[in-house]
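What follows is a short report on a single structure.
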Amino acid sequence: MGKILVTGAAGFIGRQLSDNLISNDFEIIELDDLSTKPLLTPKESLLIMKVQDINSDFLIENNIECIIHLAAKKNVKDSFFNMDYSTENFDMTHKLLNASAQSEVKRFFLASSCEIFGYQDNTLNERSALKPHSPYAVSKVANEYLSDVYMMYKDILKVTSLVFFNTYGPTEGVDAVIPNFVSKASSGEPIVIEGDGNQARDFTYIDDTIRVLLNIIKSEKYFRYINIGSGKDITIKKLVSVIKSLKENIEVNHVDQRPNEIKTFVAENSIIKN
Ligand code: NAD
């Protein structure tokens with residue numbers, strides 16, 4: 001087998017996945033442009049480069065047969081205020097799929113998100129309708145359609161979308177809800193809840209996400225979409241009460257809810273369980 005290219009390899013999921021791929025004897029190239037400042041010092045092996053600058057020559061010269069495309073600007077709220085983020089998510093994925101279609105890439109794992117489904121008032125399965133509620137989600141949905149287009153164009157190219165719900169754990173950036181609340185609680189600052197806190201999310205610990213990803217990458221079975229979630233949801237209010245049970249005198253403030261806040265995300269996860 002050729003090499004695996006991991007984009008977004010300095011990020012929260014990319015760094016831990018890359019380390020685990022290496023310890024499982026996969027030959028990989030780790031790439032990231034460091035546009036999101038990582039919590040861990042980047043490794044010397046990291047190729048500091050923009051995904052947009054990868055072309056087919058690069059993929060052929062490096063014998064890349066599989067790509068795990070995790071690079072993205074992932075902040076949902078910011079995507080309403082910085083229009084370039086969603087454009088970049090689409091642009092880099094388009095260029096990478098195009099380069100893949102002109103090279104020997106056979107497997108393309110695309111980091112997707114439960115945000116592609118928007119609010120549907122029920123458990124989300126891999127066939128749920130696509131209903132984006134944010135520019136970020138639109139960029140992820142656009143990447144899904146692009147993937148279908150490139151699979152029609154190139155027979156040997158098979159794309160699987162890794163539909164992440166919320167993965168959490170050490171080294172996650174503090175713009176994500178759990179590290180944000182925990183760092184506020186430990187520094188004695190108030191925890192800030194957007195809206196009433198009744199919005200619910202499906203959280204998966206990073207070690208479980210990595211184990212699932214390794215199984216998916218090693219598997220011979222093909223799926224177009226795979227949900228990566230626990231199948232359980234917890235409200236933000238309940239999350240705060242858990243943190244409050246661990247530390248006394250935590251102040252909690254409320255601000256307006258974010259634009260188009262989704263009430264609940266919960267994954268139907270039978271593919272990863274079987
Ligand atoms: P992250 O922000 O920690 O990592 C993303 C990495 O991509 C960063 O290191 C950043 O520097 C890099 N990057 C951004 N633009 C780039 C470009 N143009 N070229 C090269 N590198 C670039 O994110 P993460 O939590 O590791 O998430 C990985 C993927 O999974 C993302 O696509 C994200 O949208 C998706 N996702 C994550 C979650 C989650 O809970 N973490 C949930 C849903 C979807």
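Order of listing sets the numbers, starting from 1, for every ligand and every atom in it. Atoms considered below: every heavy atom in the structure, side chains included; atoms not considered: hydrogens, waters and symmetry mates.
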Heavy-atom contact check, 4.0 Å cutoff: does Tyr136 meet ligand 1? yes
Give yes if a backbone or side-chain nitrogen or oxygen of Val51 is under 3.5 Å from a nitrogen or oxygen of ligand 1, and no if not. yes
Among protein heavy atoms, which sits nearest to atom 40 (O) of ligand 1, and what does the distance come to when rounded to 0.1 Å? Thr167 N, 2.8 Å
Carboxylate-amine/guanidinium contact Lys184 Glu251, below 4.0 Å: no
The side chain to side chain contact (heavy atoms under 4.5 Å, CB included) partner of Lys244 among Asn249, Ile250, Ile191 is Ile250
Considering only protein heavy atoms, which is closest to atom 13 (N) of ligand 1, and at what distance to one decimal place? Asp33 OD1, 3.4 Å
Going by the atom numbers of ligand 1, which of them fall below 4.0 Å from some non-hydrogen atom of Leu34? 11 (O)
Please tell me if the side chains of Tyr136 and Ser113 come closer than 4.5 Å, counting only heavy atoms from C-beta onward. yes
Pick, from Asn166, Leu70, Ile228, the option with the minimum heavy-atom distance to atom 28 (C) of ligand 1. Leu70
Any carboxylate oxygen within less than 4.0 angstrom of a Lys/Arg side-chain nitrogen, looking at Arg224 and Asp148? yes
Are any non-hydrogen side-chain atoms of Glu30 and Ile22 less than 4.5 angstrom apart? yes
Could you establish whether Arg15 and ligand 1 come within less than 4.0 Å of each other, counting only heavy atoms on the residue side? no
among protein heavy atoms, the one nearest atom 11 (O) of ligand 1 is Asp32 OD1, 2.7 Å
Charged N to carboxylate O below 4.0 Å: is that the case for Glu261 and Arg201? yes
Considering Ser112, Ala72, Ser113 one by one, which has a heavy atom nearer to atom 35 (C) of ligand 1 than any of the others? Ser112
Only heavy atoms count here, so choose which of Tyr168, Phe203, Phe165 is nearest to atom 38 (C) of ligand 1. Phe165
Side chain of Asn227, backbone of Glu268: donor and acceptor closer than 3.5 Å? yes
Going by atom types only, do Asp196 and Asn198 share a side-chain donor-acceptor pair under 3.5 Å? yes
May I ask whether Met49 has any heavy atom positioned less than 4.0 angstrom from an atom of ligand 1? yes
To which protein heavy atom is atom 41 (N) of ligand 1 closest, and what is the distance rounded to 0.1 Å? Lys74 NZ, 3.6 Å
Quick one: look up the protein heavy atom nearest atom 3 (O) of ligand 1 and list residue, atom name and how far away it is. Phe12 N, 2.8 Å
I'd like to know whether ligand 1 has Cys114 as a neighbour, heavy-atom separation below 4.0 Å. no
Check ion pair Asp91-Lys95 (N to O, under 4.0 angstrom): yes
Using a distance-only test with no angle check, is there a side-chain donor-acceptor pair under 3.5 angstrom linking Asn82 and Lys73? no
For ligand 1 and Glu172, I'd like to know whether there is a polar contact (N/O to N/O, distance under 3.5 Å). no
Can you spot which of Thr167, Asp202, Thr209 makes a side chain to side chain donor-acceptor pair (under 3.5 Å) with Ser230? Asp202
Regarding ligand 1, does Leu31 bring an N or O atom to under 3.5 Å of one of the ligand's N or O atoms? no
Pairs of nitrogen or oxygen atoms closer than 3.5 Å, one from Ala111 and one from ligand 1: do any exist? no
Thr7, portion touching ligand 1 at heavy-atom distance under 4.0 Å: neither
How close does the nearest protein non-hydrogen atom get to atom 15 (N) of ligand 1, and which residue and atom is it? Lys73 NZ, 2.7 Å
Compute the shortest N/O to N/O distance between Glu88 and ligand 1 and return yes if it is under 3.5 Å, no if not. yes
Heavy-atom contacts with Gly8 under 4.0 Å: which atoms of ligand 1 show up? List them by number with element. 6 (C), 7 (O)
Check for me whether Ser35 has a heavy atom closer than 4.0 Å to any atom of ligand 1. yes
With backbone taken as N, CA, C and O and side chain as the heavy atoms from C-beta onward, which portion of Pro38 lies under 4.0 Å from ligand 1: side chain, backbone, both, or neither? neither
If hydrogens are left out, which of Phe265, Tyr85, Phe164 has an atom nearest to atom 43 (C) of ligand 1, that is, the closest non-hydrogen atom? Phe164
Evaluate the criterion side chain to side chain donor-acceptor pair (under 3.5 Å) for residue pair Ser161 and Ser112; output intermediate values, then yes/no. CA-CA 6 Å; Ser161 291; Ser112 187; 4.9 Å; no
Met92 neighbourhood, listing ligand 1 atoms whose heavy-atom distance to it stays under 4.0 Å: 15 (N), 16 (C), 17 (C), 18 (N)
Salt bridge present between Lys43 and Asp19 (N-O < 4.0 angstrom): yes
Looking only at protein heavy atoms, which one is nearest to atom 26 (O) of ligand 1, and how far off is it? Ile13 N, 2.8 Å
Return the closest protein heavy atom for atom 4 (O) of ligand 1 as residue, atom name and distance. Gly11 CA, 3.4 Å
Please determine whether side-chain contact (heavy atoms from CB on, under 4.5 Å) holds for the pair Leu21 and Leu214, giving the CA-CA distance in whole Å, both sets of side-chain angles, and the decisive distance to 0.1 Å. CA-CA 7 Å; Leu21 285 168; Leu214 287 173; 3.7 Å; yes
Looking just at side-chain N and O atoms, do Asn98 and Gln102 make a donor-acceptor pair shorter than 3.5 Å? yes
Step-by-step ring pair (Phe, Tyr, Trp, His ring centres under 6.0 Å) determination, Tyr205 to Tyr168: CA-CA 5 Å; Tyr205 189 63; Tyr168 72 99; 5.5 Å; yes
